[in-house]
Each structure stands twice: as C-alpha cells, then as structure tokens.
Amino acid sequence: MIPRTADWKNALASAVRDPAELLALLELPRELLEPARAAAANFPLRVPRGLLSLMEKGNPADPLLRQVLPLGEEQLETPDFIDDPVGDTQAQAVPGLLHKYQGRALLTLTGACAVHCRYCFRRHYPYAEQNPCSEQWRPVLEYLQGDASIDELILSGGDPLLLDDNRLGELNARLDALPQLKRLRIHSRLPVVLPERIDDALLGWLGQGRLQKVLVIHANHPRELGPAALEALARLRVAGVSLLNQSVLLKGVNDDADTLSELSERLFEAGVQPYYLHLLDRVRGAAHFEVDEARARGLYHQLHARLSGYLLPRLVRELPGEAGKRPLLP
C-alpha cells in the first residue's frame, strides 16, 4: 500500500543513476558497462528502484530495462533523427508555452523526470531557456487570457508532477480563474514509475476548482502496471480524475500484438482508457527503437481483430507543423 504521507521525494532521490549499480542490481553482463557509461554521459541514467524491482534479473532484453538502459547505439548518427523531431521550439508562444493545435496549449513546467526513457523525444530540449518559474507565469496567463479559443491547458515537461504541490496548487488556482478554460490535462509518467507521488497533497489540489482534470499516463508494457501503480491509479480514479494512457511503439519492448493486447486489457481493468499508440518520434539517439510504419500498421490490424473498439488506442505519428497528431489508419 502506498503510504498516505508518501515520501516520494526520498523515493526520487534514491533512484539509480550509476550504470555500474544498475548492472550489478540486475546481475547483467559487465560488457554492457562501458557503452552504458558513454551513452549516459550525453543523457544521464535515472530509474526509480520501484520500477527496477519489476525487471527480470540477468536479462539484458527485459522490455522494462530496455527502456532505461543506455546503449552504445545511442552514439550512432542516423539520418533524419534530429534534436527536435516534433517542432516544439518552433511552436513556442511565450517561454515555456507551446501553441501547436487549435483549442489547446502546452506548458513545460520542468525538465526533470523521475525516469530517463532512452527514446524521449525531448531528450535534447533546451529546458533551461523554456521553463517558466512561478514568477514568470504572468506572460503565460496573459497569453491564455488573450486567446479565447484555448479551452484546454496541458501540463508537461519533463514531468510536471515533480513540482511541489504548493506551486501546482497555486497554478491550478490561477488557471481556474481563466473563464475560457474547461480542462486541465496533465501528462505524467509518475503514477507508473514513481507511484509514491500520488499522495494526499496531490489529490487535494487535483480536487479543487471547476476545471475538469485529465491525467494522461505513459505505460508501454503491461508489466509496468505493478501493484503500487495500480493502487495509485485507483486513488486518482476515486478522486474523479479522468485517466488516459499513451504508449510509444518500441522495438524490443512492445512491438508484438500479444504485449499490446495485454497492455490495453490491463489498462482498462485499472480504469485507464487506451488513448494513443505513437510511432517513435525520430529523436537523435533513439533510432534503435524504431518500428517501421508498415509493420506498425500490421500490428494494429492484429489488435483490431482481437480487441473491442474501446480497447484500441489510436495509432498516430506527430509531425512538425501539422494541425494535430496524424492518424495512420482511417
């Protein structure tokens, strides 16, 4: 059971950051160490111990490990894999606020994450220049207030739930005062990788105000939904938060119909609606995760044949300059 005082900051601080420790804890071959250190020098290793406990010891191909283990392949330069594959920097309206799509805007509150996913599309994002601190929220609020077409704000990062609850509660109150906003959507991996974060203080401000709260979690494999994650999701559901999941289709992690079917089933049992299945954003350092579009379509047809429609996430790709995520199937 997740403690109601939930000392999530200690759990975050104890995350594994040293490749040598990761390999030792999981009894992995020593020859992985030097490539891991080289890749981690460019994009550091970070994995919470709770997530690490769900990985299979002695298996370098474990699908949960593969998402976080730095590999030598990250050092390879691959054509068309770039620093900003979805055009985030071009979409900046004011520092920290991205306005790509009609009716919604996205606020990057922090560059910090509890886990460093090796395929992260923002692994090269200039967070130091883009994250507005609370003293700089005024330009963001003024921009939102000046555009009546924006009725949904998305909190993103990094992971926005790594901010202190006092700051998040203050921001929630300020956004609640903007009459055109209807929904506050939060994109967070923490209910899955650091479920201690779903504590009473967080649930307290989530329940305040008139804005409908939508939390989009990120799970790629059914084994990520361990007992602590399921309890965290249950608490969010009881608090009235609408829960969605987005996954990334990743080679060696979830690129088979059995895994994707089981993920959708487990999500729905936990009260989470399967939402998006993303093709990999072509970020520099992640080419070894790519599943080609033809194979992705084939997998999706298999899912369509075996799952009820409400269990099917939408297969999409994000491309710079488009009006929304591009569906890959009608």
Side-chain angles (χ1 to χ4, degrees), residues 1-2 6 11 47-57 59 61-68 113-115 117-119 159 161 185-198 202-203 213-280 289 291 295-296 298-316 329:
M1 174 174 285
I2 301 171
V47 54
R49 293 176 187 271
L51 180 62
L52 190 145
S53 72
L54 301 176
M55 299 176 188
E56 181 185 355
K57 290 186 176 181
N59 181 9
D62 179 88
L64 275 60
L65 171 66
R66 185 166 168 79
Q67 297 179 58
V68 300
C113 284
V115 61
C117 302
R118 309 312 298 180
Y119 53 87
D159 199 304
L161 293 188
R185 193 200 318 174
I186 303 162
H187 285 200
S188 177
R189 193 123 155 81
L190 295 195
V192 175
V193 303
L194 196 77
E196 298 91 335
R197 179 64 182 98
I198 312 305
L202 174 64
L203 296 172
K213 305 302 194 307
V214 180
L215 180 57
V216 182
I217 68 166
H218 177 182
N220 295 316
H221 193 281
R223 274 182 34 221
E224 294 174 39
L225 301 173
L230 294 176
E231 184 189 348
L233 295 170
R235 296 198 77 199
L236 288 161
R237 200 167 66 250
V238 168
V241 178
S242 299
L243 298 173
L244 307 173
N245 180 69
Q246 57 182 356
S247 304
V248 181
L249 186 59
L250 300 167
K251 184 177 181 180
V253 174
N254 59 7
D255 58 332
D256 65 273
D258 289 341
T259 298
L260 292 171
S261 295
E262 184 182 352
L263 176 60
S264 282
E265 295 278 6
R266 282 183 61 80
L267 285 166
F268 196 77
E269 288 170 4
V272 182
Q273 183 69 45
Y275 174 41
Y276 277 148
L277 176 60
H278 288 266
L279 263 65
L280 180 74
F289 285 111
V291 178
R295 182 150 187 270
L299 286 170
Y300 198 80
H301 282 301
Q302 293 179 54
L303 294 179
H304 187 271
R306 67 169 72 182
L307 292 176
S308 299
Y310 55 83
L311 294 177
L312 276 172
R314 296 175 64 196
L315 181 65
V316 297
L329 292 168

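Reckoned from all heavy atoms, side chains included, excluding hydrogens, waters and symmetry mates.
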Could you pull out the closest heavy-atom pair between [X] and [Y], with the gap in Å?
| X | Y | result |
| --- | --- | --- |
| L65 | D62 | N-OD2, 3.0 Å |
| E56 | R223 | N-NH2, 3.7 Å |
| A219 | L225 | CB-CD2, 4.3 Å |
| I217 | P191 | CG2-CG, 4.0 Å |
| P63 | H221 | CG-NE2, 3.4 Å |
| S247 | H218 | CA-CD2, 4.4 Å |

State, yes or no, whether a side-chain contact exists between [X] and [Y] at a heavy-atom distance under 4.5 Å.
| X | Y | answer |
| --- | --- | --- |
| F268 | Q273 | yes |
| R185 | L244 | no |
| R266 | E224 | no |
| L280 | L249 | no |
| V68 | V115 | yes |
| L260 | L307 | no |
| H278 | N220 | no |
| L312 | P274 | no |

Please check this pair: side chain of [X] against backbone of [Y], looking for a donor-acceptor N/O pair closer than 3.5 Å.
| X | Y | value |
| --- | --- | --- |
| R237 | A270 | yes |
| S53 | G50 | yes |
| D159 | A114 | no |
| S188 | L190 | yes |
| Y300 | P313 | yes |

Exercise. Can you list every pair that meets ring-ring contact (aromatic ring centres under 6.0 Å, His included) and has a residue in residues 238-258, with sequence neighbours left out?
Worked result: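 Qualifying pairs: none.
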Exercise. Among pairs that include at least one residue of residues 251-261, which meet salt bridge (Lys or Arg N to Asp or Glu O under 4.0 Å), considering only residues two or more places apart or in two chains?
Worked result: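 Applying salt bridge (Lys or Arg N to Asp or Glu O under 4.0 Å) to every pair that reaches into residues 251-261, excluding sequence neighbours, yields D255-R295, D258-R306.
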Exercise. Got a second to check how far R314's CZ is from L329's CG, nearest 0.5 Å?
Worked result: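 Interatomic distance, R314 CZ to L329 CG, rounded to 0.5 Å: 11.0 Å.
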Problem set entry | Inter-residue atom distance I198.CD1 - L233.CG, 0.5 Å rounding |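 Reported value, rounded in 0.5 Å steps: 8.0 Å.
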